[in-house]
Each structure stands twice: as C-alpha cells, then as structure tokens.
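To find a chain, count down the sequence lines: A is the first, B the second, and so on, and within it residues start at 1. Because only heavy atoms are used, hydrogens play no part in the values below, and waters and symmetry mates are left out as well, while side chains stay in.
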Number of protein chains: 4
Amino acid sequence: MSRKSNTEQRRAEIVSALLAVMADQGYEKATIQSIAKQAGLTPGLIHYHFQSKGEILIALVHSLAQFSRARYAYFASEATTPRERLNACIDARLAKGEGANPDAVSAWVVIGAEAVRQPEVRQAYQEAISSELAVLEEVITECLTEDGKRTDNASPLAAALLAFMEGAFQLASAARDIMPQGYAARMAIEMVERYIDAEPEKKRRSSRK
Amino acid sequence: MSRKSNTEQRRAEIVSALLAVMADQGYEKATIQSIAKQAGLTPGLIHYHFQSKGEILIALVHSLAQFSRARYAYFASEATTPRERLNACIDARLAKGEGANPDAVSAWVVIGAEAVRQPEVRQAYQEAISSELAVLEEVITECLTEDGKRTDNASPLAAALLAFMEGAFQLASAARDIMPQGYAARMAIEMVERYIDAEPEKKRRSSRK
Amino acid sequence: MSRKSNTEQRRAEIVSALLAVMADQGYEKATIQSIAKQAGLTPGLIHYHFQSKGEILIALVHSLAQFSRARYAYFASEATTPRERLNACIDARLAKGEGANPDAVSAWVVIGAEAVRQPEVRQAYQEAISSELAVLEEVITECLTEDGKRTDNASPLAAALLAFMEGAFQLASAARDIMPQGYAARMAIEMVERYIDAEPEKKRRSSRK
Amino acid sequence: MSRKSNTEQRRAEIVSALLAVMADQGYEKATIQSIAKQAGLTPGLIHYHFQSKGEILIALVHSLAQFSRARYAYFASEATTPRERLNACIDARLAKGEGANPDAVSAWVVIGAEAVRQPEVRQAYQEAISSELAVLEEVITECLTEDGKRTDNASPLAAALLAFMEGAFQLASAARDIMPQGYAARMAIEMVERYIDAEPEKKRRSSRK
DNA sequence: AATGAATGAGCATTCATTCAT
DNA sequence: AATGAATGAATGCTCATTCAT
C-alpha cells in the first residue's frame, strides 16, 4: 500500500512534451525549460526523471517506433489477405493527409537528422528502421508469394517502399504546400502493386515436361 | 586605390565549410567557430561576409540546389531519349553509393529538418524542391508521351519519385548499414518504368474512321 | 516542497548593482559581467532574474523615480505651508551637495541620455518626468494661490524648475569642479520665489461694489 | 601647386557624421561603420584621419562649443544694451523650439553623459561649460551693473541659467512631448529678469548726504 | 588618400545540469 | 517527488583597430 511511483507516467508526459516542442522547434531549440513548460512541470523535475536531454530523445525514438507498430497492428487487425496487410502497412503511415499526426511526423524527420550525427540516436533510429523493414519485407514477400512471383526483390522493394515513406514524411513536414494533394498513399500502393505485377513468375521446382 | 573584393570566393569557402561541418555535426553544432576553423578563417571574418549564421545556411541551400541542377545537366548531356533523361535524373542523385557526395547528402537531410522549423530555410528548400519536381515531371511526361500513355499521373509520379529520393538520402545518411546494397537507383528506375508501363493508353482524339 | 522565491530581493540587488556600475561606467560599459561582480552574483543568474539588460535598466528608472517620490515625501512630512513644501521639493533633489546620492544623480544623467535613443527607456523616463512635473506644478500652484497670484504660469514655471534641476544634476555629475559651490538649491528657491513675487495679482471675480 | 590636403574637410565631415549618428544612436552604438556610412566614406579612412573613435568625440565637443559661441556672436551682433545681449545669450541656445538644431542638442546631451565617465571628454566638456559660464556671467554682470545692482550673485546666477539651459536640452531631447510648448526661452528670460529686479541695490561707495 | 578584408577581444544571452530546500 | 535558484561553459555576433594593396 505504499504510494505508487508516478515515474512511468511522468516519463511519458515528458517524452510527449518533447515530441510537441521538437515538432516545431527542432531538437536543439527544444530546451529543458520549454519541455518542462509544455509538460506543465519544472526543469528540475525533468532531470529527476531523465539523466540527460539525450535520454529523453532516445525514449522518444522508441516511443514513436512503438506507436508505429501499434498503428499498423490496428490497421492490420481486420486484414485477412496479404494485399490488405500491404494496404494496412501503407495506410498506417501515409493515409489521412500523409500521416495522421503531423507533430509525430515532423518529430520523426528531426530525429532522422539527429541520427546523422548522434550515434546513440542513430542506433535507436536504426532499430526502428530495421523493424519497419522487417514488417514490410514480410508483407511484400507474402504478396509476391501469393501471386506466384519470385521473392528475390522483396528486400529491395521493402527498402524502396520505406525510403518512399520516409521521404513523404520529410516533404509533408517541410514542403506540404507544393506537393500534389494526397499523392503519397495512392502512389505507394500503386507503385508497389505494379512492381509486383511486373515481377517474373517463380521458377517451378519441378520443371518436368 | 581600391582593393579587389574577394567576397564571392570567401563566401563560397564559408558555404563549403558549413557543408562539411554540418554533415557530421548538424546545424546547431556547426558553430561559427567550427565553420571558421574548417575554412581556415577567423570567426570575425565569417560575419564580415555573412550577416548571420542563418544566411550561410540559406546560401548553402541555394548552392546545393544549384549543384544538383548542374549534376543533372552533366548526366543528361549525352542523353538523347526520354528514358535516358529519366535515367540521368535518377543517376544524378542516387547512383554510386546513393549519391556521389555523402557530405552533401547528409547536409541535405539536415537542411530538410531545419526547413521544418525555420521559415526562411523552408522557403529556400521549397524552391529547390519545386525546381526538382518540375524537372522530374517534365521528364516523366516525356516518357509517358513517348509510350503513348496518358499523362494525368505525371505530377504525382514525379512527387513520388522525389519522395523516394529524399527518403533514400535520409536512409543513406542515418541507416546506410542496414539498407540493402545499391537498392536505390535500381529500384527507382524499375518502379517508375513499371508504373509507366502499366499506365493506360492515351485516349485517341479520333480513333476510328 | 517548493522553495521560497527570492526573486524580488535578487532583482533589487541587481538593480542596485546596475546603479553603482552605471554611475561611473555609463550604460554600455556596465556589462552583465560587471553588474554581476558588483552584486556578487554570476552572469547567468542575472539573466535568470531579468530577461535582458534593458529590462534591468527599466527597473532602475522606476526604482529611481520611486526613490525620488519617497525622498520628497520624507522631506515634506514636516512641511505645513506651501512654501515649506516648495522648499521640500527642491531640497529633496538638490540639497546637500546637489543631491544626496551622487551615484543616483550620475545614473539619472546617463538614463537621460539613453532615453534619447531607447524608446522603452524614454517611456519610463517620461513617466518619471511627468510625475515630477505634476508634483511641482501642484506645489507651485499652491504657492501662487496662497499669495493671491494668478496661476497661469504654474505649468511653465514647474517645467522651468524641473529643467533647472535636471541641468543641475548634469553639471553636478560632469562639471562639479567648475560650478559655484552650493548654487543649486539656493538659486532654485530664490528664482522661483522672485518669479512668484513678481507675478500679477489674481483677477478678482467681483472687484467693486 | 601641390595637391591640397583635404584632411581638414574630411575631419569636419567625419565629426559631422558622428553628430548625426550619435543624435539617434548614442555614442556606443555610433560605430565606425555607421559613421563612415553616414559620411559616405569607408571605415578604414576614418582611422586615417582620426587615431581613435574617442578622438572624433573630442573633436565634436570642441566643434559644438565653437558652434555655440558662433551662434551667440551672431545673435549678439546687433545687440547694443546688456539686456539685448542677455536675450541673445538665451535665444542663441533656446529659441526656436528649444534649440535650432535638434541633432546638436541630442548629441550634446549624449556628450554630457559620456563626460560623466570619460576623463578626456569631461575635460573638453568642462572647457565648453567654463566658456559658457564666463559669457553668461559677463553678460549678467553687465545687466546688474546697468541696473545699479550688487553683482555678488552674478556667478551663481550664471550657473543657474546654464543649469536651466542644459536641463532644457535634456528634456527637449528625451521628453519633448510632455513639456509645455515654448516654455524654455520665455521662462529663462523672465526668471533672470525677475531675479535681477529683486536684487538689492549696489552699496554706494560715497554714501554722503 | 583610400579601400575593404582581416583580426581578436568582448558582449549579451542561452541552456543543460546541479543542488539546497 | 518536486521546486526553482544557481552555475559555467558555450554561442552568435559586434566592433575598434590594423594593414596589405
């Protein structure tokens, strides 16, 4: 019956505050002060729950990766065919105005840039990317297999689809106004489908005549 | 009498130094000190040639955009068919290890993140993106026309190709190790070609008679 | 739990330190470093309690204006006649070596010069001047009324007396050595008195009958 | 027939430029750059003609003192009586909107504040003040003598008049809007005249009867 | 005489982090 | 758990002055 620690909730609040602040200020300009203000906390308390600012950022990367997986799971929950799961993959990330949560998208773009220079961020970022790649490759492989196609290109195709989505996030955050409306989800689906359609048939094991 | 101005050269040196420093430190960590050191100049001199750090960044955005156009022009100089020009477009950006100049690619990723929050950077970034989009759309339209296809989707296809390339830059900078080798240029070409191949024929104005 | 705020005291200390430093260094040379040193604080702490150096200056203007009012109130506390109050007005500002606190006088002169170019300082300065003018005009009007004189010139006379005092501050700060000893308070009193004495009688409402 | 040195003219131009810039920027903000720009010269040339920025300021003090004397001489040129000369003294400084040249007045106020802390400026300032005092004392003595008054108070009266004028400059520069219109010249004259009128008669050397 | 690039010291300000309460 | 004052290093930027041309 001891008083419950509220550490987990506080940490979540702080991570969420970083997301919000970072989305329109970037990482360096997201000061502990501004994060604290956003979270309705005091600067000292931030460092009570996190050792450093960098640690909050790492937590945010994991949080966003987790969120992305959850969102896919939700979208895929009613999918029964490989194609439906592929659609779920893409819609989970790109549907509804190129990403349902603009703040999360912008923050992800900022994280991508931080990953360029901060090894620890890069590692967390790469874990997230790996996870996404694995999901995409699996779904794409299923689609290819279902159509009786070769699966040699599943991996590069997954990579290409992921690159497309990352780029769409970037452009949605920094150049939304000049991009065609709603191109992202539609083109992602169509490009992958047409790519798969044009793939050669899988070689039969028994080529007897 | 009057001394010859070396401002243009100095500015180019400084912009180049920012590119180098920013590629592995990000924008905020690219201090005037570090830029000066990289360029072999003194901090005071940086501000003699540029009013602010932000102004150097804007100059870098323009410089990279200019460089991209020049690189495409070079690649396209021997292209005679629409398909060759499309290849030139993609190779100019993605060939040879996902972009010939890793520093420029990383810097571009960082610029993309800065464009999220700095209006002036965003404007310069959008100008560059617009220019790229225009080139891609033109080349894609040529390809479609040559094949007798409808051109309705030229714009979203250009947008999709650009998103792909931006995302490939991002992943090349922050997750090179976990991406399939050489997927980018090859997949870009193939996806666009297969998309075009699957496009419906252009409606004939007068089909019978 | 929560710590007690010492902000008000710290702010007062900082303002007081600015007064001291500014009195012999001017405003621009009163660096945050020197203010901090004078106050026995660190530069960072200065900016914890004040947003900017300019904000300290504004606080100082208000502080000096407040001090002037308090000093007059103290001098006037024993005054019962209009003349005594007039004397209190003048002595509060000019008695004892042209102002009891040389630092405050010098700082006020420096503030006057800053008010020429800094709009925010000018506003605070003008508020202080307005307040002084109002007090002087009221006291002078009382003196005139008591003597049965016209009060038309109360306002310009108050302005003249204030100009005299401001000028006396200036000269006491920058040319004390070459000014006659103790001229200021004595001459201020005498000039105002002789001016009032020479004013025409108030017009009687109904003079005859 | 050697080429004439244009040093004197250049120096005058530079001093004049400092006056203009200082009038609305103060002394510290009047950078060599801004002075050069105002004068249509280059920064390097400023230091060819003056050893330091401080030297320009000293030259300006002398220039303004000289100007004041010249202006008085001009106003007094047609004065034949002591009273007319007194009027000339006052009008030369305060007539026409409290000083004919607002820039010069503001610059003088700024100089007064600099004199508080810079010994060299203080010396030049005190020379100018001494000179003014001497002129005023002489004219006032003449007026007193003409009226057969004692001249004991000529010195403090001159000091008081000077203080008034300095204060009027200060208030004209920083608080013009809240001061009564045209009070300065009129009140200066009236106060001095009434003061003189109320002075006691000079003691007769031969008091015989 | 004149130019304008170059220097270097100094400034206000920011901010992650620490710590007494 | 929580507060908010305090620190100190770092940053962008300014500017008088110097100097090669």
Q. NA contact type, C:Leu45, heavy-atom cut-off 4.0 Å: base, sugar-phosphate, or nothing?
A.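 Here C:Leu45 touches the bases of the nucleic acid.
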
Let's see if you can work this out: which of [options] has an atom nearest to the side-chain heavy atoms of [X]?
| X | options | answer |
| --- | --- | --- |
| D:Thr42 | E:dA2, F:dT17, F:dT3 | E:dA2 |
| D:Lys53 | E:dT13, F:dT17, E:dT17 | F:dT17 |
| A:Lys29 | E:dC15, E:dT17, E:dA2 | E:dC15 |
| B:Ser5 | F:dG4, E:dG4, E:dA5 | E:dA5 |
| A:Ile32 | E:dA16, F:dT18, E:dA2 | E:dA16 |
| C:Asn6 | E:dT13, E:dT17, F:dA5 | F:dA5 |

ask   = Quick one: are the ring centres of A:Tyr125 and A:Trp108 less than 6.0 Å apart?
value =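 Between A:Trp108 and A:Tyr125, which both carry aromatic rings, the centre distance is below 6.0 Å.
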
_Lys/Arg-Asp/Glu bridge criterion (N-O < 4.0 Å) met for D:Lys53, D:Glu114_ =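 Here D:Lys53 does not pair with D:Glu114 in a salt bridge, since their nearest N and O are not under 4.0 Å apart.
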
- Upstream residue (5' side of DNA chain F) when B:Thr31 and C:His49 are each assigned their closest nucleotide: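 Its nucleotide being nearer the 5' end, the pick is C:His49.
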
field: C:Leu60 and C:Leu64, any side-chain heavy atoms less than 4.5 Å apart
entry: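 When only atoms from C-beta onward are counted, C:Leu60 and C:Leu64 do touch, with a gap below 4.5 Å.
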
- Task: Return the 5'-most residue of the pair B:Leu41, C:Ala30 with respect to DNA chain E, ranking by each residue's nearest nucleotide.
- Result: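 In this pair, the answer is B:Leu41.
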
